[in-house]
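First comes the structure, then the notes that go with it.
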Amino acid sequence: MTEDVRSPLHDEHVALGAALTSFAGWQMPLRYTSDIAEHTAVRTAAGLFDLSHMGELEVTGPQAAAALDAALVGNLSALAPGRARYTMIVAEDGGVIDDLVVYRLADERFVVVANASNVAVVRDALEHRIAPFDATLDDASLRTALVAVQGPRAEAIVTSLTDPGHVDAVAALKYYTATQATVAGIDALVARTGYTGEDGFELFVDADQAPALWRALLAAGQPHGLVPAGLSARDSLRLEAGMPLYGNELDRTTTPHDAGLGRVVKLDKVDDDGSPLPFVGRAALEARAAAEPTRTLVGLEGLGRRAARHGYPVLASAEDGAAVVGTVTSGAPSPTLGHPVAMAYVDPAHAEPGTELAVDVRGRPEPVRVVALPFYRRPR
Amino acid sequence: MTLPTHLHYTVEHEWLEDGSPATVGITSTAADALGDIVYLELPAVGEELTAGSVVGEIESTKSVSELFSPVTGTVVEVNQAAVDDPSVVNSDPFGAGWLLKVDVTGTGPLLTADEYAAQSEA
């Protein structure tokens with residue numbers, strides 16, 4: 001085992017008394033005080049997250065857009081500068097290598113944000129796939145810090161620190177757009193994106209500027225109820241929001257369609273002369289799109305107290321000898337809803353919302369009901 | 001970490017206070033590792049426990065752990081206040097967050113506070 005990489009904010013986390021955990025080769029804050037308090041702060045006020053473990057891969061050059069169109073399932077050449085897109089990189093067989101957020105910063109400049117656990121494999125695959133194009137890849141992961149401010153007070157907090165010349169642009173950001181701005185005197189790429197189901201911002205800055213930005217956000221956020229929030233709250237927030245987590249809902253044996261995310265696969269993207277644009281995984285995903293699904297990702301609402309967890313079998317009923325009809329991918333007691341929730345892959349015959357099923361929770365069946373995702377939608 | 005020295009401990013992170021009946025709980029190490037505890041499943045009054053066997057579950061938002069009985073005996077009381085509001089197990093694991101009172105007829109392997117502290121750090 002190699003030693004975990006430390007976040008540029010490591011000393012801040014230690015000073016705040018965080019419980020640290022090893023995650024995807026990084027030592028990151030699991031929680032600062034209480035998972036539920038941090039989760040609730042994000043739902044009602046704001047939370048501050050260190051996401052510096054995420055990977056930032058910059059793709060630049062005259063053919064950067066064409067290169068990404070060939071490498072990813074999305075239609076990145078159609079993305080306007082200043083916009084972001086949720087997309088995926090898949091293998092030839094259509095299996096998901098990673099789910100990504102791609103930002104187009106300029107015509108010839110993109111940032112591909114990858115999950116920490118997948119940065120190396122995404123980088124290697126991208127490098128190979130863009131080689132025929134006039135485009136270059138630069139792994140900026142270690143020199144880039146990523147800090148997220150999430151929650152209904154996020155806009156007030158971030159704009160309170162934004163340079164007067166940029167404050168209107170930051171306040172006007174729509175979901176999945178981004179702009180360069182000076183925040184707390186620090187140059188940042190400010191994006192209105194997140195992984196919590198709340199409004200919020202993600203700020204990409206040079207790693208050596210991260211501690212100053214972190215402290216400024218903590219101080220400015222305090223009157224608004226902002227607290228630092230760890231990976232544990234991040235996981236329960238994204239689960240309530242029905243957002244997939246790589247390694248749980250997504251992996252190499254899963255296609256985007258299996259996860260209910262077939263919409264991110266742009267089979268209609270075309271090249272300059274209007275013929276279907278080839279991309280890695282196209283043939284497999286065309287076949288998958290045309291086939292009857294063999295499993296469906298669903299939400300499960302627990303009717304008892306005991307929570308389904310990753311890997312637990314889903315049963316057709318709570319009766320003895322009930323058939324296994326699926327597998328839980330993520331599950332936890334929902335702090336916002338007050339009952340257990342889970343996501344699971346189930347046989348499509350059992351996927352209709354309202355269907356009563358059970359989960360084998362450590363040898364004892366717990367009743368659950370299929371519900372539409374997400375479990376939680378923020379009030380607007 | 002300051003551990004009450006008058007208690008016995010187990011490698012599974014339970015504590016035991018001598019008495020008739022004896023009191024059983026989980027340690028601050030266990031409670032901290034779990035995070036916010038939201039659900040306790042405890043044995044019923046009258047249930048016969050065997051030292052070392054799984055007698056309950058302690059569930060947090062992040063994970064779940066099994067409760068192992070440090071003793072053999074009969075449950076005479078469960079901490080209903082902790083069942084109703086398990087956060088007390090986080091806030092006061094060695095006090096108000098106790099779990100069971102048991103008429104003890106035998107014990108499993110027990111550790112002193114020093115021994116438990118040493119193995120928790122290991």
Side-chain angles (χ1 to χ4, degrees), chain A residues 17-23 29-43 227 229-240 245 248 302-312 328 330-342 359-364 366 375, chain B residues 1-2 12-14 26-44 47 49-50 52-69 78-93 95-97 99-100 117 120-122:
Chain A
L20 299 171
T21 187
S22 178
F23 180 78
L30 180 64
R31 71 178 67 88
Y32 297 85
T33 55
S34 146
D35 299 333
I36 293 176
E38 291 163 25
H39 179 112
T40 304
V42 173
R43 289 273 179 259
V227 300
L231 292 181
S232 184
R234 182 169 158 86
D235 191 39
S236 53
L237 289 158
R238 70 89 197 168
L239 172 60
E240 287 183 349
L245 171 65
N248 288 30
L303 305 178
R305 296 284 306 265
R306 299 164 78 235
R309 303 277 179 176
H310 177 75
Y312 289 4
V328 173
S330 298
S334 159
T336 307
L337 302 174
H339 58 71
V341 297
V359 174
D360 179 346
V361 177
R362 299 178 296 280
R364 229 166 61 222
E366 291 291 336
F375 301 104
Chain B
M1 175 174 56
T2 321
E12 305 287 358
H13 307 286
E14 287 84 24
I26 63 166
T27 66
S28 53
T29 305
D32 289 349
L34 276 163
D36 292 324
I37 296 166
V38 296
Y39 179 56
L40 297 176
E41 187 171 85
L42 300 178
E47 205 162 309
L49 309 182
T50 304
S53 63
V54 174
V55 299
E57 291 178 349
I58 304 159
E59 182 143 28
S60 69
T61 51
K62 191 73 189 155
S63 64
V64 61
S65 84
E66 293 174 318
L67 176 67
F68 293 83
S69 180
V78 302
N79 186 350
Q80 191 58 41
V83 171
D84 293 342
D85 178 11
S87 69
V88 70
V89 181
N90 290 108
S91 58
D92 192 8
L99 299 178
L100 304 173
S120 289
E121 281 160 22

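For clarity, every value in this text was computed on a predicted model and none was experimentally measured. The chains referred to below are lettered A, B, ... by the order of the sequence lines, with proteins before strands, and numbering in each begins at 1.
- A heavy-atom distance below 4.5 Å is found between the side chains of A:I36 and B:V38.
- Residues B:K62 and A:L30 are in side-chain contact: their nearest non-hydrogen atoms beyond the backbone lie under 4.5 Å apart.
- With a 4.5 Å cut-off on non-hydrogen atoms, A:R362 touches chain B through its side chain but not through its backbone.
- Contact of B:S60 with chain A is made through the backbone alone, with heavy-atom distances under 4.5 Å.
- A salt bridge does not link B:E57 to A:R305: none of the charged nitrogens lies less than 4.0 Å from a carboxylate oxygen.
- Between chain B and the residues A:S232, A:S236, A:A37, the largest count of heavy-atom pairs under 4.5 Å involves A:S232.
- The part of B:D32 that comes within reach of chain A is its backbone (N, CA, C, O), which places non-hydrogen atoms under 4.5 angstrom from that chain.
- For a residue to count as touching a neighbouring chain, one of its non-hydrogen atoms must lie under 4.5 Å from one of that chain's; by this rule B:L40 does not touch chain A.
- Of the atoms belonging to A:A233, not a single heavy atom falls under 4.5 Å from chain B.
- Contact annotation for A:D35: both backbone and side-chain heavy atoms come within less than 4.5 Å of a heavy atom of chain B.
- Contacts between A:S34 and chain B at a heavy-atom distance below 4.5 Å involve backbone atoms as well as side-chain atoms.
- In this structure, no portion of A:A19 lies under 4.5 Å from any heavy atom of chain B.
- The heavy-atom pair separating A:P333 from B:E59 by the smallest distance is CG-CG, 4.2 Å.
- Put simply, CZ on A:R31 and OG1 on B:T61 are 7.0 Å apart, with the number rounded to the nearest 0.5 Å.
- Here NE2 of A:H39 is found 11.0 Å from CG of B:D36. Values are rounded to the nearest 0.5 Å.
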